[in-house]
Undergrad: 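One structure, as structure tokens, below. Some questions next.
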Amino acid sequence: MGRQSWLAAAVVVVWAAMVAAAAAAQKYNAVYNFGDSITDTGNLCTNGKPSQITFTQPPYGQTYFGSPTCRCCDGRVLVDFLCSKFGLPFLPPSKSTSADFKKGANMAITGATAMDANFFRSLGLSDKIWNNGPISFQIQWFQQISSSVCGSNCKSYLANSLFVFGEFGGNDYNAMLFGGYSADQASTYTPQIVDTISNGIEKLIAMGAVDVVIPGVLPIGCFPIYLTIYGTSSSSDYDSLGCLKKFNDLSTNHNNQLKSKISALQTKYKSARIMYADFYSGVYDMVRNPGSYGFSTVFETCCGSGGGKYNYNNNARCGMSGASACSNPASHLSWDGIHLTEAAYKQITDGWLNGPYCSPAILHS
């Protein structure tokens, strides 16, 4: 081995040791998660598994669990990997009546929005919100379980817990876009959405949260559902990678406003560790450099029956009759056209733990 190769290998070993030491030193009592289908681990299914919900059917869950678990994925999602990193069990859904929440709980529920039902009612979009689990409800769910977790000493306990708040906003925009609003029209409501997220973070901090991760929204213009439904014949509508520009611009605008709010919160709450998780950049880099992450395809869904360029058909989605999964989900970025594969979530989690896709990174010395 040459001197340069030896030095490079030594640097890698030292870096790995530093990361391992940071993880060993950084202990959390628990992880508490809030969000939507990206991190739901069962809240929507606590009252059974209705057959009409596609992700309660095979092949969901096939990669890790062997059967559907109410996760919108082929296996584990982000919070599963976070919990494993810190030696904690997978998060039970907060709606469970028999779970022990002392080591964590998941308030996330599929279909969740940042805004309450009244907001969508005012826009004439009530029929686009099929599940009522906004930020305000999820904070109430957390308050309801907190007494069983930490009794009268919650601030001390929660100060040593990790909170993941989001992503929120994706379903708010979905409701508007699929309800006939243009991307520009939807963006006019971004300040209200971001304010609601910020207010939710402040409520958690008031309860005792110290380490809080706030993910931004994803590059929805790169997702098969949007590429299929809103695809055009005009090359000017797409960026150089093949993503729809106007939808990614909506996501970017949201994230920029969210980062500004987070910066203000970091200044206001000096004793808290408020982290922005850059979901957008992490996923977009996978689209740009798929081979670096082990992906052979980024736009075609692994599970579906739609055929065509993206293997997505809204009327024949994954979990519905006629749909099937690809032979190697780990080679795909997209699992079902709406959500990512376990392999993608693991890569993103690594980027949040160690950088570069979380500022500051979750792991610290």
Undergrad: Heavy atoms, side chains only, cut-off 4.5 Å: are Phe142 and Phe101 in contact?
TA: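 No. Closest side-chain heavy atoms not under 4.5 Å.
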
Undergrad: Applying side chain to side chain contact (heavy atoms under 4.5 Å, CB included), run through Met275 and Ser359 and close with a yes or a no.
TA: CA-CA 5 Å; Met275 297 160 269; Ser359 181; over 6 Å; no

Undergrad: Answer with yes or no whether the side chains of Thr301 and His332 bring together a donor and an acceptor at under 3.5 Å.
TA: no

Undergrad: Between CD1 of Ile274 and CD of Glu202, what distance do you get to the nearest 0.5 Å?
TA: 8.5 Å

Undergrad: Verify the cluster assignment for Met115 and Val217: are they in a single hydrophobic cluster under the rule of side-chain heavy atoms below 4.5 Å apart?
TA: no

Undergrad: Quick one: do Arg288 and Asp285 make a salt bridge, cutoff under 4.0 Å?
TA: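 Judged by the 4.0 Å cut-off on N to carboxylate O distance, Arg288 and Asp285 do form a salt bridge.
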
Undergrad: Honestly, is Arg71 close enough over Phe90, meaning NZ or CZ under 6.0 Å from the six-membered ring centre and within 45° of the axis?
TA: yes

Undergrad: Does the distance from Cys70 SG to Cys45 SG come in under 2.5 Å?
TA: yes

Undergrad: Is the shortest side-chain heavy-atom distance between Tyr32 and Val164 below 4.5 Å?
TA: no

Undergrad: Do the non-hydrogen side-chain atoms of Arg317 and Asp336 ever get within less than 4.5 Å of each other?
TA: no

Undergrad: Do Met107 and Phe137 make a side-chain contact, defined as non-hydrogen atoms from C-beta onward lying under 4.5 Å apart?
TA: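 With C-beta onward as the side chain, the pair stays apart.
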
Undergrad: Would a single hydrophobic cluster contain both Tyr28 and Val210, if residues Ile, Leu, Val, Met, Phe, Trp and Tyr are joined by side-chain heavy-atom contacts under 4.5 Å?
TA: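 Not linked; separate clusters.
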
Undergrad: Please assess Lys261 against Asp195 for the test salt bridge (Lys or Arg N to Asp or Glu O under 4.0 Å), listing each intermediate value before the final yes or no.
TA: CA-CA 8 Å; Lys261 283 288 183 182; Asp195 278 345; 2.7 Å; yes

Undergrad: Test Phe34 against Trp141 for ring-ring contact (aromatic ring centres under 6.0 Å, His included), laying out the working first.
TA: CA-CA 10 Å; Phe34 302 74; Trp141 299 341; 9.3 Å; no

Undergrad: Test of understanding: with disulfide (SG to SG under 2.5 Å), list the residues that count as partners of Cys222, not counting sequence neighbours.
TA: Cys243

Undergrad: With rounding to the nearest 0.5 Å, note down the distance linking OH in Tyr310 to OH in Tyr226.
TA: 15.0 Å

Undergrad: Measure the shortest side-chain to side-chain distance between Cys302 and Trp335 over non-hydrogen atoms and say whether it is less than 4.5 angstrom.
TA: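 A side-chain contact exists here, since the closest heavy-atom pair is under 4.5 Å.
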
Undergrad: Output, in order, the C-alpha distance, side-chain angles, deciding distance and verdict of side chain to side chain contact (heavy atoms under 4.5 Å, CB included) for Thr110 and Asp36.
TA: CA-CA 5 Å; Thr110 299; Asp36 56 21; over 6 Å; no

Undergrad: Considering only heavy atoms from C-beta outward, does the side chain of Ile135 approach that of Phe168 to under 4.5 Å?
TA: yes

Undergrad: List for me each residue that meets ring-ring contact (aromatic ring centres under 6.0 Å, His included) alongside Tyr345, sequence neighbours excluded, and say none if there are none.
TA: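 With sequence neighbours excluded, Tyr345 shows a ring-ring contact (aromatic ring centres under 6.0 Å, His included) to no residue whatsoever.
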
Undergrad: As an exercise, state the distance from CG of Asp116 to OG1 of Thr196, rounded to the nearest 0.5 Å.
TA: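 It is 7.5 Å, given to the nearest 0.5 Å.
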
Undergrad: Do Tyr284 and Leu241 have side chains that approach each other closer than 4.5 Å (heavy atoms only, starting at C-beta)?
TA: yes

Undergrad: Is there a donor in the side chain of Asn171 and an acceptor in the side chain of Asn174, or the other way round, less than 3.5 Å apart?
TA: yes

Undergrad: Quick one: list whatever passes side-chain hydrogen bond (donor to acceptor under 3.5 Å, both in side chains) with Asn315, sequence neighbours left out.
TA: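 Result, side-chain hydrogen bond (donor to acceptor under 3.5 Å, both in side chains) vs Asn315: none returned.
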
